[in-house]
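Reviewing the structure listed below.
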There are 2 protein chains.
Amino acid sequence: MSAPTQARQTLQRTAIRRAFERADRPLSPAETLASAQREVPGLGIATVYRNIRNFVDEGWLEEVPLPGAPNRYEISGKHHHHHFRCRICDRVFEVEACPPDLRTMLPRGFRLEGHDITLFGRCAGCARS
Amino acid sequence: MSAPTQARQTLQRTAIRRAFERADRPLSPAETLASAQREVPGLGIATVYRNIRNFVDEGWLEEVPLPGAPNRYEISGKHHHHHFRCRICDRVFEVEACPPDLRTMLPRGFRLEGHDITLFGRCAGCARS
DNA sequence: ATCGTTGCAAATGGTTTGCAGCTTA
DNA sequence: TAAGCTGCAAACCATTTGCAACGAT
């Protein structure tokens, strides 16, 4: 019933937003905390979770669910893409393409609404070692 | 140093193995518990986790990691395949095919070691409603 | 001065582990 | 009987929530 209240601009919220703007890849809440604490040392993890959820609800952030690993989050509005998780450093990267024809994989009667593809291996940095 | 000890055949372990043999799809630990408790009512969830891990270590079970959902487990040795998760009933099913050319998705310098593909939508049962 | 926001700590949900008693071999 | 199991409860880890103090508007 009540008009949705305005999100206030706090130091913490700003630091969290900047963490994502600085990042060139999806961030986990823990990575976000570490990055944002460079601006606001006392920042707590609960505030990171609350603001991430808030940004997701606003549509500014998008959830990146991964098999067997905590979610990452990235700024939304990118074109369709998928992700690569490095088994060594555990960082997640965006990958461009998307294979076609997923619908042909389905059993009869199933309705396809989406898909997640996660590649894994070693990122460029970790492949050298 | 010590020779690996033999796994003992207990009522619990047998009930857990049968739960997977009865299932036509990958099971979560909770689903496994529910199924195995039909044979051993007092069965505890910790025992399910311990035996699942044990079966995985033996190679009889295989982990099915899913984005944003607890792991499922399935009897191993099947040919390469992927999974479908129903958004309504939360059950996971096997799907046959696998799209090619995943390697072309990679940024330069990245080494691909594996991939997970999860389709989601409605299973045949839930698509009707 | 409001009322949303924050940090802390406690609560959750899924999974693991310590331990004393039980069971298989 | 001895070693491996089991159930229970406590411990964990990631995430969420209650609450009183704080701060943006």
Side-chain angles (χ1 to χ4, degrees), chain A residues 1-19 26-58 60-73 85 90-92, chain B residues 1-19 26-58 60-73 85 90-92:
Chain A
M1 294 281 99
S2 53
T5 338
Q6 204 68 4
R8 290 182 183 173
Q9 168 167 330
T10 62
L11 285 179
Q12 292 86 343
R13 184 174 177 83
T14 300
I16 291 166
R17 182 187 8 258
R18 286 195 188 132
L27 298 182
S28 67
E31 288 172 328
T32 308
L33 177 67
S35 173
Q37 277 183 334
R38 299 194 326 218
E39 293 183 30
V40 181
L43 180 62
I45 186 68
T47 299
V48 171
Y49 276 103
R50 279 187 283 235
N51 276 282
I52 285 178
R53 171 189 289 237
N54 195 295
F55 285 134
V56 170
D57 290 346
E58 285 179 8
W60 184 70
L61 279 187
E62 210 163 288
E63 196 180 72
V64 178
L66 299 164
N71 278 359
R72 267 66 171 175
Y73 298 87
R85 181 153 75 102
D90 208 46
R91 288 182 302 177
V92 172
Chain B
M1 291 282 96
S2 54
T5 339
Q6 205 68 3
R8 289 183 182 173
Q9 168 166 332
T10 62
L11 285 179
Q12 291 87 342
R13 183 175 178 83
T14 299
I16 291 166
R17 179 182 15 251
R18 286 197 188 130
L27 298 182
S28 67
E31 289 172 330
T32 309
L33 177 67
S35 173
Q37 277 182 335
R38 299 193 327 220
E39 293 183 31
V40 182
L43 180 62
I45 186 68
T47 299
V48 172
Y49 276 102
R50 279 187 283 236
N51 276 280
I52 285 179
R53 169 188 290 238
N54 195 295
F55 285 135
V56 170
D57 290 346
E58 286 179 8
W60 184 69
L61 279 186
E62 210 163 288
E63 195 181 71
V64 179
L66 299 164
N71 279 358
R72 267 66 170 175
Y73 298 87
R85 182 153 77 102
D90 207 48
R91 288 182 303 176
V92 172

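Heavy atoms only: backbone and side chains are in, while hydrogens, waters and symmetry mates are out. The structure displayed is predicted, hence computed values, not measured ones. A note on names: the letters A, B, ... follow the listed sequences, proteins ahead of strands, and every chain is numbered from 1.
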Exercise for review: Give the rounded distance in Å between these two atoms: CZ of A:R13 and C1' of D:dT25.
Suggested key: 15 Å

Check your understanding: Which residues pass the side chain to side chain contact (heavy atoms under 4.5 Å, CB included) test with B:R38, sequence neighbours left out?
Key -> B:R22

Practice item. Please state how far atom CG in A:L33 lies from atom P in D:dT16, giving the value in whole angstrom units. Key: 15 Å

Point to revise | Terminal axes of the helix from C:dA1-D:dT25 to C:dA25-D:dT1 (five pairs each): angle between them, nearest 10 degrees | key: 20°

**Study point:** Distance, rounded to the nearest Å, where A:F55 contributes CZ and C:dT5 contributes P
**Key:** 11 Å

**Study point:** A:R50 backbone acceptor or donor facing A:N54 side chain under 3.5 Å
**Key:** no

Check your understanding: Which residues satisfy the side-chain hydrogen bond (donor to acceptor under 3.5 Å, both in side chains) test with A:R72, sequence neighbours excluded?
Key -> A:D90

Point to revise | Note, A:V40 side chain near A:T14 side chain (heavy atom, < 4.5 Å) | key: no

Exercise for review: Grab the CZ-C1' distance between B:R17 and D:dC5 for me, whole Å please.
Suggested key: 14 Å

**Study point:** Any B:N51 side-chain nitrogen or oxygen under 4.0 Å from OP1 or OP2 of D:dT6
**Key:** yes

Study note, to complete from the structure: Sorted by chain and number, sequence neighbours left out, side chain to side chain contact (heavy atoms under 4.5 Å, CB included) with B:D57 holds for B:R53

Review point. Taking atom CD of B:E58 as the centre, does the number of heavy atoms from other residues, nucleotides or ligands within less than 6.0 Å exceed 12?
Key: yes

Check your understanding: Is the phosphate of C:dG7, meaning OP1 or OP2, less than 4.0 Å from a side-chain N or O of A:Q12?
Key -> yes

Point to revise | Nucleic acid footprint by protein, nucleotides 14-25 of chain C - heavy-atom cut-off 4.0 Å, B for base, S for sugar-phosphate alone | key: SSBBB----BBS

Exercise for review: Would you please name every residue forming a ring-ring contact (aromatic ring centres under 6.0 Å, His included) with A:Y73, sequence neighbours left out?
Suggested key: none

Check your understanding: Would the number of heavy atoms belonging to other residues, nucleotides or ligands and lying under 6.0 Å from CD of A:Q9 be above 12?
Key -> no

